[in-house]
*Asks:* 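Pasting a structure here, questions to come.
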Amino acid sequence: QVQLVESGGGLVQAGGSLRLACDASGRYLAYFAMGWFRQAPGKEREFVASISWSGTNTIYQDSVKGRFDISRTSAKTAVYLQMNSLKPEDTAVYYCAAARRTSWGETRTELSEYDLWGQGTQVTVTS
């Protein structure tokens with residue numbers, strides 16, 4: 001299985017922006033839907049966003065809709081999460097994940113649907 005590595009996390013003030021990246025070491029993620037999840041201290045891991053293998057279909061958690069944007073390279077080797085208008089409630093460890101055996105335009109939102117996970121990157125938003 002491929003290895004996913006997240007980067008781009010950091011400390012920002014409320015209203016700021018960060019761009020997270022998930023690299024698959026140059027490996028082509030054929031027919032993999034990709035997703036971002038996050039886990040805040042004392043809380044369970046929750047869905048943030050997903051993008052289909054085609055790169056044309058996306059879905060977002062309601063709380064980040066309009067603020068976050070998920071995308072992937074045309075080569076399908078990396079996925080990104082552009083986070084704008086960050087709020088303290090966005091503070092969490094963000095995880096990149098891959099779901100195998102998806103169709104051209106399928107996205108996935110449940111933890112159980114993902115097969116591969118990165119180690120996470122910390123995002124801290126101060127007020």
Side-chain angles (χ1 to χ4, degrees):
Q1 296 181 338
V2 299
Q3 182 177 355
L4 305 178
V5 180
E6 301 97 334
S7 62
L11 178 67
V12 299
Q13 293 184 353
S17 298
L18 283 175
R19 186 170 187 251
L20 306 183
C22 175
D23 182 38
S25 300
R27 300 294 182 88
Y28 179 60
L29 300 173
Y31 298 101
F32 278 56
M34 301 296 294
W36 286 96
F37 290 76
R38 66 186 181 186
Q39 188 166 16
K43 297 184 177 181
E44 296 183 352
R45 193 169 300 184
E46 65 178 2
F47 170 77
V48 176
S50 178
I51 187 167
S52 64
W53 178 69
S54 66
T56 59
N57 295 327
T58 59
I59 189 169
Y60 299 88
Q61 180 197 99
D62 288 342
S63 67
V64 306
K65 199 170 186 178
R67 298 190 297 120
F68 290 10
D69 181 45
I70 186 171
S71 62
R72 66 193 304 170
T73 62
S74 58
K76 309 297 189 294
T77 57
V79 63
Y80 304 92
L81 185 68
Q82 178 66 46
M83 305 186 295
N84 302 313
S85 301
L86 284 164
K87 305 174 181 179
E89 65 188 84
D90 295 318
T91 295
V93 176
Y94 282 71
Y95 297 90
C96 174
R100 295 184 293 181
R101 304 180 302 278
T102 61
S103 65
W104 175 263
E106 184 181 18
T107 57
R108 294 187 176 181
T109 62
E110 299 181 8
L111 283 166
S112 62
E113 296 179 310
Y114 285 82
D115 305 290
L116 306 175
W117 294 85
Q119 293 300 306
T121 184
Q122 177 70 50
V123 172
T124 302
V125 185
T126 61
S127 59

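When reading the values below, keep in mind they use all heavy atoms of this one structure, side chains included, and skip hydrogens, waters and symmetry mates. Numbers here simply count residues along the sequence, with the first being 1.
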*Asks:* If we only count heavy atoms from C-beta on, is the W117 to L111 side-chain gap below 4.5 Å?
*Replies:*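 The answer is yes, as the side chains (C-beta and beyond) meet within the 4.5 Å cut-off.
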*Asks:* Is there a donor-acceptor contact under 3.5 Å from the side chain of T102 to the main chain of A33?
*Replies:*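 Present.
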*Asks:* Does the pair T107 and T58 meet the rule for a side-chain contact (heavy atoms from CB on, under 4.5 Å), with working shown?
*Replies:* CA-CA 7 Å; T107 57; T58 59; 5.6 Å; no
*Asks:* Between S54 and G105, what is the shortest heavy-atom contact and its length?
*Replies:*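 Minimum heavy-atom contact is OG-CA, 4.0 Å.
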*Asks:* Are W53 and Y114 linked, directly or through intermediate hydrophobic residues, by side-chain heavy-atom contacts shorter than 4.5 Å (ILVMFWY only)?
*Replies:*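 Hydrophobic grouping puts Y114 apart from W53.
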*Asks:* Got a second to check how far F37's CZ is from F47's CZ, nearest 0.5 Å?
*Replies:*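 If we round to the nearest 0.5 Å, F37:CZ and F47:CZ are 6.0 Å apart.
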*Asks:* Does T73 form a side-chain contact (heavy atoms from CB on, under 4.5 Å) with Y80? I'd like the steps, not just the answer.
*Replies:* CA-CA 8 Å; T73 62; Y80 304 92; 3.6 Å; yes
*Asks:* Same cluster or not: V125 versus L11, using hydrophobic residues (I, L, V, M, F, W, Y) connected whenever any side-chain heavy atoms lie under 4.5 Å apart?
*Replies:*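 Looking at the clustering, L11 is in a separate group from V125.
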*Asks:* Please answer whether the main-chain N or O of T121 pairs with a side-chain N or O of E6 as donor and acceptor at a distance below 3.5 Å.
*Replies:*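 Between the backbone of T121 and the side chain of E6 there is no qualifying donor-acceptor contact (under 3.5 Å).
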*Asks:* Say you draw a straight line from OG1 of T56 to CZ of R72; how long is it, rounded to the nearest 0.5 Å?
*Replies:*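 Nearest 0.5 Å value for the OG1-CZ distance: 10.5 Å.
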*Asks:* Among the clusters formed by ILVMFWY side chains lying less than 4.5 Å apart, do V48 and L18 turn up in the same one?
*Replies:*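 Per the 4.5 Å side-chain linkage, V48 and L18 are co-clustered.
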*Asks:* Rounded to the nearest 0.5 Å, what separates atom CE in M34 from atom OG in S52?
*Replies:*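 Reported to 0.5 Å precision, the distance equals 12.0 Å.
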*Asks:* I need the R19 CZ to S7 OG distance, nearest 0.5 Å.
*Replies:*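 Interatomic distance, R19 CZ to S7 OG, rounded to 0.5 Å: 9.5 Å.
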*Asks:* Does atom CD (Q39) have a neighbourhood of more than 12 heavy atoms from anything else shown, all under 6.0 Å?
*Replies:*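 More than 12 within 6.0 Å, yes.
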*Asks:* Is the closest side-chain heavy-atom distance between W36 and F68 below 4.5 Å?
*Replies:*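 A side-chain contact under 4.5 Å is absent here.
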*Asks:* Yes or no on side-chain contact (heavy atoms from CB on, under 4.5 Å) for R38 and V123, after CA distance, side-chain angles and deciding distance?
*Replies:* CA-CA 9 Å; R38 66 186 181 186; V123 172; over 6 Å; no
*Asks:* So if you build clusters from Ile, Leu, Val, Met, Phe, Trp, Tyr with side-chain heavy-atom gaps below 4.5 Å, do M83 and I59 land together?
*Replies:*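 Not linked; separate clusters.
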*Asks:* Looking only at heavy atoms, which two atoms of S127 and P88 are closest? And how far apart?
*Replies:*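 Where S127 meets P88 most closely, the heavy atoms are CB-CG, 3.7 Å.
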*Asks:* Calculate, to the nearest 0.5 Å, the distance between atoms OH and CG belonging to Y95 and L4 respectively.
*Replies:*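 Taking OH in Y95 and CG in L4, the distance rounds to 13.5 Å.
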*Asks:* Show the nearest heavy-atom pair for residues R100 and D115, with the distance to one decimal.
*Replies:*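 Closest heavy-atom pair between R100 and D115: N-OD2, 2.8 Å.
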*Asks:* To the nearest 0.5 Å, what is the distance between CD (Q119) and CD (Q3)?
*Replies:*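 It is 8.0 Å, given to the nearest 0.5 Å.
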*Asks:* Would you find a donor on one side and an acceptor on the other, under 3.5 Å apart, between the side chain of Y60 and the backbone of I70?
*Replies:*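 Pair found, side chain donor or acceptor close to backbone of I70.
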*Asks:* Ignoring hydrogens and angles, tell me if any N or O in the side chain of S50 forms a donor-acceptor pair with the backbone of R108 under 3.5 Å.
*Replies:*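 Yes, because the side chain of S50 sits within donor-acceptor range (under 3.5 Å) of the backbone of R108.
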